[in-house]
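Report on one structure; see the data block that follows.
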2 protein chains.
Amino acid sequence: MRKKVTLKQIAKELDVSISTVSKSLRDSPEISEDTRQKVQAFAKLYNYKPNLIALSLKNKKTKTIGVIIPEIVHHFFATVISGIEHVANEHGYNVIVTLSDESFDKEVINMEMLANGSIDGFIMSLSKETQHKKDFHHITEVINQGMPVVMFDRVTNDILCDKVIIDDNLAAYEAVRDLIDKGFKKIALITTVDYVSVGKLRTDGYIKALKTNNIAVDPKLILKIEDIDICEHQIEELINTNEIDAVFAVNELFAVTAIKAAKKINLKVPEDISVIGFTDGIISKYSSPSITTVSQNGIKMGGKAAKMLIERLESEEEEDEHYKTEVIETHLVVRESTPTL
Amino acid sequence: MRKKVTLKQIAKELDVSISTVSKSLRDSPEISEDTRQKVQAFAKLYNYKPNLIALSLKNKKTKTIGVIIPEIVHHFFATVISGIEHVANEHGYNVIVTLSDESFDKEVINMEMLANGSIDGFIMSLSKETQHKKDFHHITEVINQGMPVVMFDRVTNDILCDKVIIDDNLAAYEAVRDLIDKGFKKIALITTVDYVSVGKLRTDGYIKALKTNNIAVDPKLILKIEDIDICEHQIEELINTNEIDAVFAVNELFAVTAIKAAKKINLKVPEDISVIGFTDGIISKYSSPSITTVSQNGIKMGGKAAKMLIERLESEEEEDEHYKTEVIETHLVVRESTPTL
DNA sequence: GCACCAACCGAAAACGTTTGCGTGTTGAAA
DNA sequence: TTTCAACACGCAAACGTTTTCGGTTGGTGC
C-alpha cells in the first residue's frame, strides 16, 4: 500500500525544502531549471497530487457546490442535478448532494452541516415543510455569512438571492388555453395544496385561462392533493362524478393517474377526455397513450443555476447584491393524450 | 454580513488562549467551571461551529463518501443514491456525487479528483465504457492507497473489494421460468450487449431457464441492444417478424418499448403476448398495462453499500483484506403485463 | 518557611499547502 | 580586491483545528 505522497516527503527525499518543491511544481522562476526538472520528475514518478483539503483550508475555497433538494427519486430533480453536475464539472467544481426529504429539520441540518466550510455556495429547492412553515432563517443566516445561494423551482419571495424558475403561471395558462382552443369547456384541475409555491402558481394560471375565456371556474372541478401517495382514489372520484372534457394536471403522476382512472370507467383518451400534464419526464413519454405535457427542462435549469452560482463565486467578491431571477422557457410537448385536431 | 467566527477570534475577544477556548468547548476537565461557561456562552452567542475543512485536515478524515455512477437520470441509480444518502447521514457522513456519463475518461477524472483528500471512501458502479475496456487501473490505484471502495450492481471480478449486487442470473432465470410455467414456449429476450456485466448475467439466466426446461434457444429471438436511444425500431422488428408468446426484457425501457410495439400491431398485452421487465421503476408501475418485473431494491442496495463502506472506515484501520460480496434479494412483482392464470 | 501537589491555563506542533521575504552564493564589473 | 546584482533556495507565516506538554499560580502539610 503506497500512501499518497506529500510535499514534505518529496522535499526530504530530494534533500531540498518544502517551498522549493512547491515552487518547482508551480514553475516558479525562482527555481533553477535543474532542480525544477528533478523535482517534477520525482513528483510525476510518485504521482504527486496536491491535497485538496489543505488547499481548501489555505485558499478558503473548496471548489465544491452544495445542493439541497427535497427528493432525488424524482425525474425532474434528477435532471436538475445532472445539469448542475455537468456545468460544475466544466468549471472544476464538485457537487455535494443532500436530501431534505421534504422535511424542514433535515433541510436545516444539512444546510448547517455544509455551511461549516465544506462548500463555497448553495443551490437549493425548498422542501414542502419549509414552504409551509415559511421559516427561512437558516437560509438568511447562510447568506448573511457571505455564502451565495441560488434557489430553483420552489423558491420564495421572502429571500433575496439569485433564482432560476420557470413561469409556472404562464405555462399553466398556455396549457389550459390550448385545451380551450380545442373546444373544451369542462376542464378539471388536479393540483397540489396551495403552500407548494409552484402548485399555487399553476393553479392561478389555470384560473386565469378560464376567466379570460369567459368560462366559469367550478370549484368541484378543482382537486387539491396533499399526499401524492394516496391520490388515486380522489382522482377517480373527480373523474367519475363529474362530466369532464379535459384534465390539466400539475405533474406527471397526477396526469397518468387521471388517465388510468378514465380508462377504468371506459373513457378513451383522448377521444372522450383529454389530458395535459406538467414536467416532461419518463412517465409522460412512455405512458400509453403518451402524455401531452408542459416541458420543464431540468438540465437547463440546473445548468443555469450552477452557472449563476459559479459566476457569483468567481466575481472577485464584488458583492453585487444585485440578484437576478432567470426564467427558463417552457413549451407544450404535444403527444397522444390530446386530440390532433 | 457576519462572517463565521473562529476559535482565534473568540480567544482574542475573551483574552484567553486558543487552546483554552477549544478545551472549554469540548468540556475538558482542565478548564475551570468559570471560564468554561464564559467561553461556551460566548460561542453560542456568536453561533460558533468548528470549521470542517480544518478538522478534515487535522484528523485526515473528511466524513464524506464519494459516489461515482454512470447516470443519475435513471430511476434505479437515483434510488441507490437515496439509499446511500440516508445511511450516510445517519452516521454523520456527507455524499459527493459525480457522474461518469458512461465514459471511462470521466470516471477516471472524477475518481482522481475525489481521491486527493476530499473523501474517505468510494461507492461506485462501473461505466459501460470501463466495462468494455476492462481497464481498472484507476480503481486499483485508489485501493492501493488505502482508500476503501465498495462497488455495486455493475461490478467486476478483476477488482478485489466489497461489493453489493443482486443475483442477476438467478433473478432472470426465475422470471423466465415463471413464463415457462405459464405455458409460454416462444419467449424472446431483449437484452444489452454482452460487455455490460448485468446484461450478460441476465442473458445467461434466460438461456439457463430455457435449457433446463428443454426449450431450444432460438438466436432469432434474442435481441442485443447497443444504444438504448435507438432501440425502438429493432424491437418492433423483433416482434413483427417472429411468432412470440412472451418477452423478457432486461430493463424497464426495453419492456415498455416492447409493449408499445406489440400494441402497434394490435397485439394485446397480456392476452396475446406477455412481458416481464427488470427493475421496478416508475415506468413499470405507471405504464398501462403495468409491467410485471423483477424488483431490484435500489434503496436497500445503496444503504447496504454505505453501511459496508462506513463499517470498513470505522473499523480502526484493521485492514481486514477480507472482502465481502453482499447479494440483495429480488422478487417478481406481478402486474398486468402477465396473465393471472 | 519549604516542598509538593492540584488546578488552571498557554505555547507549540501537527495536518499539507502557498508565498513573501530574507539570505547565502556566485559571478562579473569597477 | 571590493562591491553588487542576480540567482537559487530556505524560513516562516497563514488557513482553523486538537492535543501534548510544560509552566504558573495558590494552597496544604510538615
Side-chain angles (χ1 to χ4, degrees), chain A residues 3-40 42-43 46-64 113-120 145-147 317, chain B residues 3-40 42-43 46-64 113 115-120 145-146 317:
Chain A
K3 279 270 179 201
K4 287 205 80 67
V5 63
T6 69
L7 287 186
K8 192 192 275 192
Q9 290 162 29
I10 298 183
K12 196 169 158 193
E13 209 67 36
L14 261 46
D15 207 40
V16 292
S17 79
I18 296 181
S19 23
T20 302
V21 177
S22 175
K23 285 170 187 166
S24 299
L25 294 176
R26 325 201 106 251
D27 287 325
S28 157
E30 279 187 60
I31 304 297
S32 71
E33 185 64 20
D34 238 32
T35 34
R36 218 193 57 198
Q37 292 201 353
K38 205 168 56 185
V39 171
Q40 292 195 351
F42 193 90
Y46 280 87
N47 192 28
Y48 169 79
K49 296 273 169 51
N51 181 307
L52 296 182
I53 293 288
L55 281 181
S56 294
L57 184 59
K58 179 138 191 39
N59 301 334
K60 293 170 154 260
K61 284 190 185 174
T62 61
K63 287 289 221 169
T64 303
M113 178 111 219
L114 293 185
N116 294 321
S118 311
I119 61 166
D120 295 339
Q145 284 170 9
M147 182 167 290
E317 325 290 327
Chain B
K3 280 270 177 197
K4 287 205 81 66
V5 64
T6 69
L7 287 187
K8 192 192 278 191
Q9 291 163 27
I10 298 183
K12 196 169 158 193
E13 209 66 37
L14 261 49
D15 208 39
V16 291
S17 77
I18 295 181
S19 22
T20 303
V21 178
S22 175
K23 286 171 189 165
S24 299
L25 294 176
R26 326 201 105 253
D27 285 324
S28 158
E30 281 186 59
I31 304 297
S32 71
E33 186 64 20
D34 237 32
T35 33
R36 218 193 55 197
Q37 291 202 352
K38 207 169 52 184
V39 170
Q40 292 196 351
F42 192 89
Y46 280 87
N47 193 28
Y48 169 79
K49 297 275 167 55
N51 180 308
L52 296 183
I53 293 287
L55 280 181
S56 294
L57 184 59
K58 180 139 191 40
N59 301 334
K60 293 170 153 263
K61 285 190 185 173
T62 62
K63 287 289 222 170
T64 304
M113 179 110 218
N116 294 321
S118 310
I119 62 165
D120 295 340
Q145 285 170 10
E317 326 290 326

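Just the heavy atoms: all of them, side chains too, but no hydrogens, waters or symmetry mates, feed the values below. To find a chain, count down the sequence lines: A is the first, B the second, and so on, and within it residues start at 1. Quick caveat, the model's predicted, so the values are computed rather than measured.
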For side-chain contact (heavy atoms from CB on, under 4.5 Å), just list the numbers for B:V16 and B:K38, CA-CA rounded to whole Å, side-chain angles, deciding distance to a tenth of an Å, and then say yes or no. CA-CA 11 Å; B:V16 291; B:K38 207 169 52 184; 5.5 Å; no
Look only at the side chain of A:Q40 and the backbone of A:S24, and say whether a donor-acceptor pair between them is shorter than 3.5 Å.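 Yes; judged by distance alone, with no hydrogens or angles, the pair exists.
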Does any N or O in the side chain of A:S19 come within less than 3.5 Å of the main-chain N or O of A:S17, such that one atom is a donor and the other an acceptor?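 No; zero donor-acceptor contacts below 3.5 Å.
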Evaluate the salt bridge (Lys or Arg N to Asp or Glu O under 4.0 Å) criterion for residues B:D27 and B:R36: first the C-alpha distance (whole Å), next the side-chain angles of each, then the deciding distance (0.1 Å), finally the verdict. CA-CA 7 Å; B:D27 285 324; B:R36 218 193 55 197; 3.5 Å; yes
If you fit an axis to the five pairs at each end of the helix from C:dG1-D:dC30 to C:dA30-D:dT1, how big is the angle between those two axes, to 10 degrees?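 It comes to 90° between the two terminal axes.
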Rounding to a whole Å, what distance do you find between [X]:[atom1] and [N]:[atom2]?
X	N	atom1	atom2	result
B:E33	C:dA7	CD	P	14 Å
A:K38	D:dA8	NZ	C1'	12 Å
B:L25	D:dT19	CG	C1'	15 Å
B:R36	C:dC8	CZ	C1'	14 Å
B:I53	C:dA14	CD1	C1'	17 Å
A:D15	D:dA8	CG	P	19 Å
B:L14	C:dG10	CG	C1'	15 Å

Contact class for A:T35 (heavy atom, under 4.0 Å): base, sugar-phosphate, or nothing?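 Sugar-phosphate only.
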Check whether the side chains of B:Q37 and B:E33 place a donor and an acceptor atom closer than 3.5 Å, and report yes or no.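 A donor-acceptor contact under 3.5 Å links the two side chains.
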Decide side-chain contact (heavy atoms from CB on, under 4.5 Å) for A:L25 and A:V39; before the verdict, give the C-alpha distance in whole Å, the side-chain angles of both, and the deciding distance to 0.1 Å. CA-CA 7 Å; A:L25 294 176; A:V39 171; 4.0 Å; yes
Under the rule for ring pair (Phe, Tyr, Trp, His ring centres under 6.0 Å), what residues qualify as partners of B:F42, not counting sequence neighbours?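 Checked B:F42 against ring pair (Phe, Tyr, Trp, His ring centres under 6.0 Å); matches are B:Y46.
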side-chain contact (heavy atoms from CB on, under 4.5 Å) evaluation trace for A:I10 with A:V5: CA-CA 7 Å; A:I10 298 183; A:V5 63; 3.8 Å; yes
Let me have a per-nucleotide readout for nucleotides 15-21 of chain C, 5' to 3', with B, S or -, counting only protein heavy atoms under 4.0 Å. BBBBBBB
Do you know which of B:I53, B:N116, B:L55 makes side chain to side chain contact (heavy atoms under 4.5 Å, CB included) with A:I53?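 Only match with A:I53 under side chain to side chain contact (heavy atoms under 4.5 Å, CB included): B:I53.
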